[in-house]
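Below is one structure, written out as structure tokens; comments come after it.
Nothing here was measured: the structure is a model prediction, and the numbers come from that model. Positions are given from 1, in the same order as the sequence printed here. What's counted below: heavy atoms across the whole structure, side chains too, no hydrogens, waters or symmetry copies. Both counts, for ligands and for their atoms, begin at 1 and track the order of listing.
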Amino acid sequence: MQISANQSNCPVCQNRLAFDQILHHMVCAYVGPSGDFGETDDGYVCPKCRRGIVSSDPACEIVGTSARCSACGKEMIVSPAASTMRR
Ligand SMILES: [Zn+2]
Ligand SMILES: [Zn+2]
């Protein structure tokens with residue numbers, strides 16, 4: 001399912017959505033929500049290759065945004081058209 005960037009409530013049950021950036025770790029090709037990456041003092045750690053990722057690391061790019069409903073567990077992709085990421 002895909003929703004638009006200005007949508008903040010679950011299309012299924014109207015619960016408020018939690019947004020998450022989808023990150024691509026180019027070193028190991030892992031793609032997953034930023035919540036999968038463990039937080040460290042100076043950035044993140046990749047859940048696949050366990051390498052550290054500093055903020056604005058060129059080896060890690062934001063490829064999109066996902067939204068998840070905590071009430072019904074539905075996961076959605078946020079339409080990339082309106083979600084311009086600044087770094
Ligand atoms: Zn990795
Ligand atoms: Zn829901």
Rounded to the nearest 0.5 Å, what separates atom [atom1] in [X] from atom [atom2] in [Y]?
{"X": "His25", "Y": "Asp36", "atom1": "NE2", "atom2": "CG", "answer": "13.5 Å"}
{"X": "Lys74", "Y": "Ile3", "atom1": "NZ", "atom2": "CD1", "answer": "11.5 Å"}
{"X": "Met1", "Y": "Ile77", "atom1": "CE", "atom2": "CD1", "answer": "11.5 Å"}
{"X": "Cys46", "Y": "Met26", "atom1": "SG", "atom2": "CE", "answer": "12.5 Å"}
{"X": "Ser8", "Y": "Gln14", "atom1": "OG", "atom2": "CD", "answer": "9.5 Å"}
{"X": "Ser4", "Y": "Met76", "atom1": "OG", "atom2": "CE", "answer": "11.5 Å"}

Proximal protein heteroatoms (N, O or S) of the Zn ion (ligand 2), under 2.8 Å: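 Protein N/O/S atoms under 2.8 Å of the Zn ion (ligand 2): Cys10 SG, Cys13 SG, Cys69 SG, Cys72 SG.
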
Distance-only side-chain donor-acceptor flag, Asp20 / Ser66, under 3.5 Å: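 Judged by distance alone, the side chains do not pair up.
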
Pairs flagged by ring pair (Phe, Tyr, Trp, His ring centres under 6.0 Å) wherever residues 53-77 is involved - sequence neighbours left out: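 Of all non-adjacent pairs touching residues 53-77, none passes ring pair (Phe, Tyr, Trp, His ring centres under 6.0 Å).
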
Contacts of Tyr44 that satisfy ring pair (Phe, Tyr, Trp, His ring centres under 6.0 Å) - sequence neighbours left out: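 For Tyr44 there are no ring pair (Phe, Tyr, Trp, His ring centres under 6.0 Å) partners, ignoring immediate neighbours.
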
Neighbouring protein N, O or S atoms of the Zn ion (ligand 1) [cut-off: under 2.8 Å, no waters]: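 Under 2.8 Å from the Zn ion (ligand 1) - ignoring waters, which are not counted - the protein N, O or S atoms are His25 ND1, Cys28 SG, Cys46 SG, Cys49 SG.
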
